[in-house]
Every structure is written in C-alpha cells, then in structure tokens.
Visitor: 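Sharing a structure with you now.
Within every chain, numbering begins at 1; the chains are lettered A, B, ... in the order of the sequence lines, protein sequences first and strands thereafter.
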Number of protein chains: 2
Amino acid sequence: MMSKQPNISFGEYIRQLREDRNLPLRKIAAELDIDTSTLSKIEKNERNANEQIIERLSKIFSIDKADLKVRYLSDKITYQLLDEEDGIEILKVAEQKIIYHKQQQLQ
Amino acid sequence: MMSKQPNISFGEYIRQLREDRNLPLRKIAAELDIDTSTLSKIEKNERNANEQIIERLSKIFSIDKADLKVRYLSDKITYQLLDEEDGIEILKVAEQKIIYHKQQQLQ
DNA sequence: TAATTTTGGACAATAAATGTCAAAACAAAT
DNA sequence: ATTTGTTTTGACATTTATTGTCCAAAATTA
C-alpha cells in the first residue's frame with residue numbers, strides 16, 4: 001500500500017519530488033528525454049505519462065516504480081469517473097471482474 | 001447494486017438480451033441508428049458504445065440505464081487494468097480519490 | 001439449397017494524442 | 001528595472017486511434 005499522500009495527483013507528486021530537490025524542469029526533462037514543456041504539462045496533469053517515463057522517474061527519484069504506476073493509473077481512472085454518478089459502484093464492479101479474471105487465469 | 005451476472009461483459013449482456021427476445025442485429029441496429037456490423041462488434045466488445053447507444057438500449061430492453069452504464073464503464077476499466085500487476089490496488093486508490101473529490105465538492 | 005443473419009476486413013473521415021518549437025509570463029533578485 | 005533562468009501557454013505538423021460505412025464471406029436457420 002502507498003504510504004503518504006494518496007490523494008495528491010500524479011503530476012503534483014512528481015512536481016513535489018522535483019521541487020524538494022530544487023531541480024529545474026529542464027534537468028529532469030533531459031533525463032526523461034522529453035521536452036521541458038511536455039514535462040511541465042505532465043506535472044499539471046495536462047499530458048499523459050507513459051511506461052518509459054514512469055520507469056525513468058522512479059529511477060531518478062529512487063522511488064518504487066510499481067507505486068508510481070499505481071499513482072498514475074489510479075489518477076487516470078479517477079478522471080474518467082469523476083463526472084459519473086455511480087463512480088464508486090463502477091469501481092466495485094470492475095474489481096469483481098478483475099478478481100474473476102485473475103481466478104480464471106489460474107484454471 | 002446489480003443483481004444478476006455481474007461478471008458477464010457488456011457485449012455479452014446485450015447480446016443475451018437481444019437473443020432472449022429472438023431479435024436480429026438488423027432490428028436493434030436500426031433502432032440504435034447504427035450499422036449492423038457495428039452492433040455486432042459492440043456485442044463482441046470490439047467497438048465502443050456511447051451515451052446515446054446505452055440510453056437507447058436501456059429503452060429498447062426496458063432496463064435501467066444507470067445499471068447498463070455501470071456494466072459498460074466497469075468493463076472498460078477492467079480491460080485497462082487486466083494486464084496490470086496491481087489492478088486491485090489501483091482501483092482502491094482510485095476509489096479513495098473519488099471519495100476525496102466528492103467530499104471536496106461539498107465544501 | 002436458399003434465405004437470412006452474422007462476421008471480418010477495408011476504407012475514408014474524424015478525432016485524439018504526441019513531439020516540437022517559440023514566445024509569453026513569471027521569478028531571482030541581487 | 002534589466003538581466004538571467006524557469007515555467008507556462010499556445011500553436012503546429014505528425015502520428016495514432018476511433019468512427020461510420022460498405023461489402024463480401026462465413027455461418028446459421030429454414
């Protein structure tokens with residue numbers, strides 16, 4: 001389970017990591033091999049990250065990659081359901097379906 | 001809460017509704033104002049439905065629209081997380097985020 | 001076998017995401 | 001207040017994904 005600040009967004013989280021270390025966008029963007037402007041947008045949740053970016057961010061900041069991925073994907077799902085009436089129930093049903101599929105995979 | 005067969009997919013579900021009534025794709029597709037082939041693909045989860053289609057399906061089959069939407073969106077989320085290691089945890093975190101946002105909206 | 005239904009592939013048109021750049025806005029200020 | 005560095009914003013071309021549509025083959029049923 002994630003320990004701290006589960007309700008901070010993915011973008012806010014990596015911005016926090018970066019600012020804690022007093023690093024400019026320029027530096028991290030270079031390490032990620034993306035444009036400064038793209039990283040700025042990722043930190044403002046206006047652009048998507050991807051597997052490679054998450055991988056590299058986890059290395060740069062020495063954090064768990066799986067944890068970062070959870071933050072990223074949970075954000076995306078949250079965003080998809082934010083305007084839905086039955087967001088919570090949709091998640092519950094999705095959970096049952098995933099459990100069911102996992103079960104099927106074992107057979 | 002949805003009562004029956006929560007683990008059947010959206011496509012399988014509406015196919016079942018249709019076949020229970022012995023109706024051809026042609027007829028339902030006409031009512032939905034979409035191509036027969038598109039409806040076939042929706043029933044095989046190879047194409048997306050949308051708000052209008054869900055709305056009309058719920059009327060055609062006299063079922064609850066919200067329920068149908070839960071089926072549809074939970075399917076989409078399930079599909080997104082099916083290959084993820086931490087699918088369940090991602091959903092839990094998303095749930096917390098949604099609850100948090102809902103809470104914020106009230107203030 | 002004929003009639004009907006269903007499927008799969010193809011295609012253009014539309015929409016969404018991506019990578020890139022340049023200029024504007026902001027902050028350091030000392 | 002002008003410089004210096006950072007961040008944000010918008011624009012744009014390119015790529016990728018989705019949509020609507022048609023048709024022919026495959027499958028099903030009569």
Visitor: Per the side chain to side chain contact (heavy atoms under 4.5 Å, CB included) rule, which among A:I28, A:I53, A:L57, A:L32 passes with A:I42?
Guide: A:I53
Visitor: Measure CG/A:D35 against C1'/D:dA13 and give the value in whole Å, please.
Guide: 15 Å
Visitor: Over all strands shown, is B:R47 touching base, sugar-phosphate only, or nothing at heavy-atom distances under 4.0 angstrom?
Guide: base
Visitor: Quick one: A:Q52 CD to C:dT18 P, roughly how many Å, whole number?
Guide: 13 Å
Visitor: Determine, for A:Y13 and A:R71, whether the Lys NZ or Arg CZ falls below 6.0 Å from the six-membered ring centre while staying within 45 degrees of the axis.
Guide: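 Verdict for A:Y13: a cation-pi partner in A:R71.
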Visitor: Separation of A:I28 atom CD1 from D:dT7 atom C1', in whole Å?
Guide: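 Roughly 14 Å, once rounded to whole Å.
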Visitor: If I take atom CD1 in residue B:I53 and atom C1' in nucleotide D:dT19, what distance separates them, rounded to the nearest angstrom?
Guide: 10 Å
Visitor: If you check the B:L25 side chain, which of D:dT8, C:dG9, C:dT7 turns out closest?
Guide: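 Of the candidates, C:dT7 comes closest.
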Visitor: Measuring from A:F61:CZ to A:R56:CZ, what's the distance to the nearest 0.5 Å?
Guide: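 So the CZ of A:F61 and the CZ of A:R56 are separated by 13.5 Å.
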Visitor: Can you list the residues that meet the side chain to side chain contact (heavy atoms under 4.5 Å, CB included) rule with B:L25, with sequence neighbours excluded?
Guide: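 So B:L25 forms a side chain to side chain contact (heavy atoms under 4.5 Å, CB included) with B:R15, B:R18, B:T36, B:L39, B:S40, B:E43.
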Visitor: Check the distance between D:dT6's P and A:R18's CZ and give it to me in whole angstrom.
Guide: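 Nearest whole value for this atom pair: 10 Å.
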Visitor: The side chain of A:R26 is closest to which nucleotide in this list: D:dT8, D:dG5, C:dT7?
Guide: D:dG5
Visitor: According to a strict under-4.0 Å criterion, is A:R15 in side-chain N/O contact with OP1 or OP2 of D:dT6?
Guide: no
Visitor: Taking CD from B:E46 and P from C:dA10, how many angstroms apart are they, rounded to a whole number?
Guide: 14 Å
Visitor: Please state how far atom CD1 in B:I34 lies from atom C1' in D:dC22, giving the value in whole angstrom units.
Guide: 15 Å
Visitor: Could you tell me the separation between the CD atom of B:E43 and the P atom of C:dG8, rounded to a whole number of Å?
Guide: 13 Å
Visitor: Does a nitrogen or oxygen in the side chain of B:S40 sit under 4.0 Å from OP1 or OP2 of C:dT7?
Guide: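 It does, given that an N or O in the side chain of B:S40 lies less than 4.0 Å from OP1 or OP2 of C:dT7.
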Visitor: Is it true that A:E51 and A:K65 make a salt bridge, defined as a side-chain N closer than 4.0 Å to a carboxylate O?
Guide: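 Salt bridge: yes.
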Visitor: Quick one: which of C:dT20, C:dT18, C:dT7 gets closest to the side chain of A:T38?
Guide: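 When the side chain of A:T38 is considered, C:dT20 is the closest of C:dT20, C:dT18, C:dT7.
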Visitor: Ignoring the backbone of A:S37, work out which of D:dT6, D:dT18, D:dT9 is nearest its side chain.
Guide: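 Selected nucleotide (nearest to the side chain): D:dT9.
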Visitor: Give A:K41 one of three labels, base, sugar-phosphate or nothing, depending on what nucleic acid heavy atoms sit under 4.0 Å from its own.
Guide: base
